[in-house]
Amino acid sequence: MAESALAEHPPGTGAGFADLVRRHRSMVFSIALHFLADRSAAEELAQDVFLQLHANLATMKSEDHVTFWLRKVTAHRCIDYKRHRTLPQVSLEEVAEPSAPAPAWDPILERRLRQVMASLPAKARLIMILRYQEDLGPEDIAEMLSIPVATVKSHLQRSLALLRQKVLRSVGGVTI
Amino acid sequence: MTVPNQHHDMNQIEELLKNALRRQDAPPDFSEQVLARVAEHNSVPRVRHDTWWSIFIRPLVRWSAITATAISLVVGGIHYRNARRERAKGEAAKQQLMLALRIAGSKLQLAKAKVNEINATQVKKQSSSEQE
């Protein structure tokens with residue numbers, strides 16, 4: 001386990017902060033990228049999150065706290081970004097059904113999955129990202145987004161059912 | 001579709017999601033850019049937005065204000081207490097005057113009744129002497 005940068009370096013020192021950025025950059029960047037589906041916007045948002053972390057470094061108590069804080073701030077910033085800027089929204093009708101059975105894994109299938117993900121409402125999409133990218137349980141997600149656990153579970157169920165319908169069923173029951 | 005198939009589909013979807021939503025590497029110069037932005041942010045002199053109450057940061061001003069407030073409170077309290085005392089005195093005087101007026105009024109009523117009684121007696125005596 002990586003030794004905590006917070007323990008090695010007092011808050012605010014360049015070395016400790018650089019280490020935190022190095023260790024958490026892919027997590028923050030990926031949440032933003034999967035939510036926004038725009039690399040440059042995701043990069044900018046992730047940088048803003050780390051700037052905010054730098055400003056709040058003195059309040060960080062542990063490595064786990066930093067991870068929780070980064071996920072939470074990134075999630076809220078994604079929602080804010082969506083609120084203030086209109087993302088290219090894909091409607092479910094626009095998501096075309098595949099015409100032929102897909103092989104075990106292909107980029108087309110992944111692209112299709114991303115399209116359906118992009119058509120989900122912002123909160124549902126974020127919940128899916130936190131669940132399947134970060135492997136968080138519904139309780140952790142609920143705490144992070146300050147919503148009831150039941151809401152998280154229902155979002156997950158609805159989104160999974162939709163993805164199943166849009167991605168798998170149309171393939172005609174053929175094993176992918 | 002049967003339930004086992006549904007379960008199988010769900011597992012497949014979850015696997016697909018985990019794969020599609022796997023973490024991606026940040027751009028190679030990401031850390032450098034963040035650190036550059038932090039350095040830039042730290043080098044920019046922070047503009048102090050002085051508010052009216054920021055004058056109280058200076059100890060002399062702060063203690064003067066505290067003293068002035070304390071004196072005002074004491075003087076105001078004394079003034080308020082005196083005003084209340086004067087008002088109470090006025091109320092007592094008013095009550096005394098009202099009592100005196102009520103007593104005088106009742107005395108007058110009594111005197112008037114006596115006068116009327118005397119007048120009636122005299123009239124009765126006069127009329128009886130005239131009859132005789």
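Excluded from the calculations below are hydrogen atoms, water molecules and symmetry mates; all remaining heavy atoms, backbone and side chain alike, are included. A, B, ... follow the sequence lines: proteins, then strands. Residue 1 opens every chain.
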Where does [X] contact chain B at under 4.5 Å (heavy atoms): side chain, backbone, both or neither?
X        : result
A:Leu160 : both
A:Ala46  : both
A:Met128 : both
A:Tyr132 : both
A:Arg25  : both

Considering non-hydrogen atoms only, spot the tightest contact between [X] and [Y] and give its length.
X       : Y        : answer
A:Arg39 : B:Asp25  : NH2-O, 3.8 Å
B:Arg22 : A:His34  : O-CE1, 3.1 Å
B:Ala20 : A:Glu110 : CB-CG, 3.9 Å
B:Phe30 : A:Glu43  : CE1-O, 3.7 Å
A:Phe17 : B:Val38  : CE2-CG2, 3.7 Å

Which residue pairs satisfy the salt bridge (charged side-chain N to carboxylate O under 4.0 Å, His left out) criterion with at least one member in residues 76-95 of chain B, sequence neighbours excluded?
none

Backbone of B:Ala26 reached by a side-chain donor or acceptor of A:Ser26 within 3.5 Å:
no

Nearest 0.5 angstrom please: A:Gln47 CD to B:Leu35 CG, how far?
10.0 Å

